[in-house]
Amino acid sequence: AREIKEAVQESTSVNGDPESSEDFDVHQDFGENPLEVRTTDHYTEEYVTGFVDKWDELIDWKRRAESEGTFFVEQLKKRGVRKVLDVATGTGFHSVRLIEEGFETVSADGSAEMLAKAFENGIKSGGHILRVVNADWRWLNRDVHGEYDAIVCLGNSFTHLFSERDRRKALAEFYAMLKHDGVLILDQRNYDSILDEGFSSKHTYYYCGEEVSAVPEHVDDGLARFRYTFPDGSQYHLNMYPLRKNYMRRLMREVGFQHVETFGDFQETYREAEPDFFIHVAEKR
Ligand code: SAM
């Protein structure tokens with residue numbers, strides 16, 4: 001595993017951005033005042049080895065695939081998509097799924113550690129060799145080449161961008177990498193219900209039965225800090241920007257997407273009338 005990590009780091013060092021170099025730490029570092037950590041660049045330090053390994057062990061891919069169903073794949077197939085760029089590869093779940101469905105897939109992520117894990121997972125799940133590229137969304141066109149029929153940004157990833165400038169820049173980069181009739185599929189947690197309904201909506205989200213819990217520990221207009229607790233008692237945090245659904249839709253339209261359709265979906269075992277996730281399907285023409 002170490003060798004793969006080093007190889008991925010080496011092969012992706014074209015990025016040349018000193019802020020994107022990582023040391024594959026197992027501990028998260030939010031400093032003395034975690035609620036002040038509201039910067040886009042912090043994401044590479046949040047997905048540390050311990051966290052992602054535990055997540056992948058517990059939330060097994062078979063179960064995830066069952067709960068997610070065929071929604072994304074159907075959206076892509078009905079548009080005749082062949083080439084897909086997964087911009088938030090993470091540990092590779094969606095990339096592997098797409099390859100298995102026959103899509104020509106390139107797997108990008110701003111974290112070399114995540115890509116190393118994804119590469120390993122690809123081999124373990126059916127011997128797939130993922131085409132990985134280490135690229136931050138804000139400079140995507142610099143590091144990823146070619147044009148794509150579709151871009152997917154899934155697993156509540158866009159929430160890691162903390163300024164509107166970064167969000168606009170990332171969406172503009174996505175737009176530019178799509179063919180004239182391309183489609184962007186981007187999902188997000190339903191933050192509206194957490195922001196609007198106040199404390200009562202800060203319920204615990206359970207993944208994989210009751211084994212992993214996620215609690216919004218702090219929420220304000222500029223930060224949603226979630227605490228993840230695993231069966232062995234270990235805890236990790238993610239600091240995220242609470243994207244409102246209509247704000248996200250507006251941004252996509254302003255960047256140039258002509259048609260944005262938003263779906264509500266239930267991805268967790270805890271169910272309410274309101275969906276926990278929204279999925280935006282944004283078409284370029
Ligand atoms: N799609 C995967 C899934 O659902 O399992 C991974 C989702 S994970 C929550 C979010 C991923 O987005 C992380 O791997 C992180 O490194 C990546 N990410 C966050 N901000 C990014 C940025 N600005 N540029 C590139 N990747 C970014």
Side-chain angles (χ1 to χ4, degrees), residues 8-9 12 15 17 19-22 24-25 28 37-49 51-61 63-65 67-68 71-72 84-98 105-119 121-122 125 130 132-144 151-163 165-174 177 185-189 205 207-208 212 214 224 226 228 236-241 243 265 267-268 276-277 279:
V8 170
Q9 232 180 0
T12 56
N15 192 325
D17 188 342
E19 280 167 355
S20 71
S21 69
E22 291 135 314
F24 298 143
D25 207 347
Q28 291 182 313
V37 179
R38 296 167 187 236
T39 57
T40 298
D41 290 323
H42 199 257
Y43 71 92
T44 51
E45 288 162 51
E46 295 183 22
Y47 291 106
V48 294
T49 314
F51 185 22
V52 303
D53 284 352
K54 282 210 176 79
W55 189 269
D56 258 7
E57 258 166 47
L58 285 158
I59 320 287
D60 74 79
W61 285 14
R63 228 153 142 170
R64 231 186 127 176
S67 82
E68 198 172 278
F71 180 85
F72 301 121
V84 186
L85 175 63
D86 179 359
V87 287
T89 298
T91 60
F93 172 75
H94 291 109
S95 286
V96 168
R97 190 94 205 275
L98 292 167
T105 308
V106 172
S107 309
D109 199 288
S111 157
E113 169 152 34
M114 286 302 228
L115 289 176
K117 184 86 187 155
F119 193 80
N121 282 340
S125 343
L130 262 55
V132 297
V133 189
N134 189 193
D136 188 288
W137 305 326
R138 292 165 292 173
W139 303 282
L140 197 65
N141 284 266
R142 184 185 67 185
D143 300 325
V144 184
I151 289 182
V152 296
C153 182
L154 302 174
N156 195 33
S157 298
F158 203 75
T159 186
H160 287 292
L161 298 173
F162 270 91
S163 71
R165 189 189 156 101
D166 287 341
R167 290 188 278 273
R168 285 186 185 278
K169 178 81 169 95
L171 286 177
E173 294 278 316
F174 296 168
M177 300 220 63
I185 305 186
L186 185 152
D187 72 1
Q188 62 161 107
R189 187 178 280 289
Y205 297 84
Y207 298 85
C208 199
V212 185
F226 272 68
Y228 298 83
Y236 296 87
H237 289 85
L238 289 180
N239 278 17
M240 300 172 283
Y241 179 82
L243 292 163
D265 189 31
Q267 295 207 340
E268 276 116 24
D276 283 340
F277 271 80
I279 302 160

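Order of listing sets the numbers, starting from 1, for every ligand and every atom in it. Just so you know, these numbers use all the heavy atoms, side chains as well, and skip hydrogens, waters and symmetry mates.
- An N or O contact shorter than 3.5 Å is missing between Asp86 and ligand 1 by distance.
- Rounding to the nearest 0.5 Å gives a distance of 12.0 Å between CG of Asp166 and OH of Tyr241.
- In Arg64, the part holding a heavy atom less than 4.0 Å from any atom of ligand 1 is the side chain.
- Between Lys117 and Glu113 no salt bridge is recorded (no basic side-chain N to carboxylate O distance below 4.0 Å).
- Phe72 contributes atom CZ, which lies 4.5 Å from atom CG of Leu154 (distance to the nearest 0.5 angstrom).
- Residue-ligand proximity, Thr89 to ligand 1, at heavy-atom distances under 4.0 Å covers atoms 2 (C).
- For the ligand labelled ligand 1, residue Thr44 lies outside the 4.0 Å heavy-atom shell.
- Going from atom CG of Leu115 over to atom CG of Asn134 covers 5.5 Å, rounded to the nearest 0.5 Å.
- Ion pairing of Asp56 with Arg64 is absent here, as no side-chain N (NZ or NE/NH1/NH2) approaches a carboxylate O to less than 4.0 Å.
- The shortest side-chain heavy-atom distance between Asn121 and Trp61 falls under the 4.5 Å cut-off.
- Among all non-hydrogen protein atoms, the one lying nearest atom 24 (N) of ligand 1 is Trp137 N, 3.0 Å.
- The shortest separation from a heavy atom of Thr91 to ligand 1 is not under 4.0 Å, leaving the residue out of contact.
- Looking only at heavy atoms of the protein, atom 15 (C) of ligand 1 is closest to Asp109 OD1, 3.5 Å.
- Checked by distance only, ligand 1 and Phe93 stay at 3.5 Å or farther apart across all their nitrogen or oxygen atoms.
- Every N/O-N/O distance between Leu161 and ligand 1 stays at or above 3.5 Å.
- By the 4.0 Å N-to-carboxylate-O rule, Glu68 lies close enough to Arg97 to be salt-bridged with it.
- Contact check for Thr159 versus Arg189: no side-chain heavy atoms found under the 4.5 Å cut-off.
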Applying ring pair (Phe, Tyr, Trp, His ring centres under 6.0 Å), run through Tyr236 and Trp55 and close with a yes or a no. CA-CA 11 Å; Tyr236 296 87; Trp55 189 269; over 10 Å; no

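- Looking at atom 9 (C) of ligand 1, its nearest protein heavy atom turns out to be Tyr47 OH, 2.9 Å.
- Looking at Tyr43 against ligand 1, only its side chain comes within 4.0 Å, counting heavy atoms.
- For atom 7 (C) of ligand 1, the nearest non-hydrogen atom from the set Ser157, Gly90, Ala135, Ala170 comes from Ser157.
- A donor-acceptor contact shorter than 3.5 Å is absent between the side chain of Gln188 and the backbone of Asn156.
- Interface atoms of ligand 1 facing Gly155, defined by a heavy-atom separation under 4.0 Å, are 4 (O), 7 (C), 9 (C).
- Side-chain contact between Asn239 and His42 is absent, with no heavy atoms from C-beta onward closer than 4.5 Å.
- Where the criterion is an N or O separation shorter than 3.5 Å, residue side chain and backbone included, Gly110 meets it with respect to ligand 1.
- Atoms of ligand 1 lying under 4.0 Å from at least one heavy atom of Ser111, given by number and element, are 16 (O).
- Nearest protein heavy-atom contact of atom 2 (C) of ligand 1 is Ala88 O, 3.3 Å.
- For ligand 1, the polar-atom distance check finds no N/O of Thr40 at less than 3.5 Å from any of the ligand's N/O atoms.
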